[in-house]
Amino acid sequence: MDPLHGLDAKSMPKIELHAHLSGSISPTCLHEIWLSKKQRDADGAAGISDPLQVLDPSKAFDLVTFFPLFSKYIYELCNDAESISYSTKSVLQDFQDDGVVYLELRTTPRLIKQAGITKEAYVQLVLSTISSFESPTMVTKLILSIDRRNSEEEASEVVDLALRYRDQGVVGVDLCGDPAKGNVEIFRSAFARAKENGLKTTIHFAEAPQSSTEHELRTLLSFGPDRIGHVIHVPDDIKEVIIERKLGLELCLSCNVKFGMISGSFADHHFMYWKGTGCPITLCTDDVGVVGSALSNEYALTAEHFGLEPKEVYELARSGIETIFGGDDEMDKLRKLMW
Ligand code: IMP
Ligand code: ZN
């Protein structure tokens, strides 16, 4: 039986609001970068294994093995202007080819000393790659991420950069990173300044049991985020606040299943709980390069496991329009395009 009843999830216009740039690079693209580094300079890729093996879809990851993949692997491959620009272009192409019409990509400003790239130069590089992509069908905005391991000063620098590059497509600030690390309390002033200056904010929320204490979740909600991501281990009293505020929810089903972040499988995912609450939901990929499930596939899986009719799938795809960070004009365009 066709779970989508003939609906083509790939050609259905979709919005993607939770995609980490470095985690969205396909294994094929990383393999190309790996090969070119090897050809140019055997030492350039010395000790780095082939991405097609490291990121083989059959490989199991959990939250413990997943985060070092960035600092110890993907960042080693994408460590100069050429590879960052090449991989960013490839990520944009992949989302466009999958039928994404509005993309909010997020990335953590990186200092790459050996390539002479400052955090500001990194942001400029990503923004200039986005603007030169000139897609006929997809609008792309950028969110800058604060990593949970950042200091208060580093978080403040991310907000400075987001404000400085606002007129070039930066729309908001995110809090991400290993949920086992950091004290979120220190980011209060950075988020307050972002909001005071009109930036939108989103936060990885209740992603793992360690980052889901009542104290942490209340602290994060006190930052006044516009959207929250994952929303897994949420106590009932906090659920009430989320529902009352009608916060935008970024749900990443395959990521949560693949990394064992929920118990059980798709049918046990908290998507169905949140669907009944009236909070706007957007299905998102999180890290399609590692998870291996494109956004169109997330819609197909959701339809299959929760028995959604095509009409409900379209409704779901539209549900997040009001929560985009790109402003009223973009919202208007999407309302017309996705009706
Ligand atoms: P980047 O910010 O473009 O370099 O993307 C990689 C970064 O995104 C990682 O270092 C993490 O901090 C963050 N990230 C990717 N996936 C997740 C996730 O599932 N939870 C929290 N942070 C994540
Ligand atoms: Zn994420």
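Both counts, for ligands and for their atoms, begin at 1 and track the order of listing.
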Student: Which of the protein's N, O or S atoms come within less than 2.8 Å of the Zn ion (ligand 2), not counting waters?
Tutor: His18 NE2, His20 NE2, His204 NE2, Asp286 OD1
Student: Only one of Thr140, Val101, Thr285 passes side-chain contact (heavy atoms from CB on, under 4.5 Å) with Phe95; say which it is.
Tutor: Thr285
Student: Assess the residue pair Asp268 and Ser265 against the criterion (side chain to side chain donor-acceptor pair (under 3.5 Å)); give the C-alpha distance rounded to whole Å, side-chain angles, the decisive distance to 0.1 Å, and a yes or no.
Tutor: CA-CA 5 Å; Asp268 308 296; Ser265 191; 5.7 Å; no
Student: Which residue is it: His204, Glu104, His18? I am looking for the one with a side-chain contact (heavy atoms from CB on, under 4.5 Å) to Glu250.
Tutor: His18
Student: For a quick check under 3.5 Å, do Arg188 and Ser222 share a side-chain donor-acceptor pair by atom type?
Tutor: yes
Student: For ligand 1, what are the residues with a heavy-atom contact below 4.0 Å?
Tutor: His20, Leu21, Ser22, Phe66, Phe67, Phe70, Tyr75, Arg106, Thr107, Thr108, Asp147, Cys176, Gly177, His204, Glu207, His230, Asp286, Asp287
Student: If the condition is salt bridge (charged side-chain N to carboxylate O under 4.0 Å, His left out), which residues does Lys311 pass it with, not counting sequence neighbours?
Tutor: Glu315
Student: Between atom OH of Tyr299 and atom NZ of Lys10, what is the distance when rounded to the nearest 0.5 Å?
Tutor: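 The OH atom of Tyr299 sits 16.0 Å away from the NZ atom of Lys10.
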Student: Residues two or more places apart in sequence or in another chain: which of them pass side-chain contact (heavy atoms from CB on, under 4.5 Å) with Asp56?
Tutor: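 Counting only residues at least two positions away or on another chain, Asp56 forms a side-chain contact (heavy atoms from CB on, under 4.5 Å) with Ser58, Lys59.
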Student: Can you find a heavy atom in the side chain of Phe191 that is under 4.5 Å from one in the side chain of Ile146?
Tutor: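 The answer is yes; the side chains approach within 4.5 Å.
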Student: Does a side-chain heavy-atom distance below 4.5 Å link His230 with Phe205?
Tutor: no
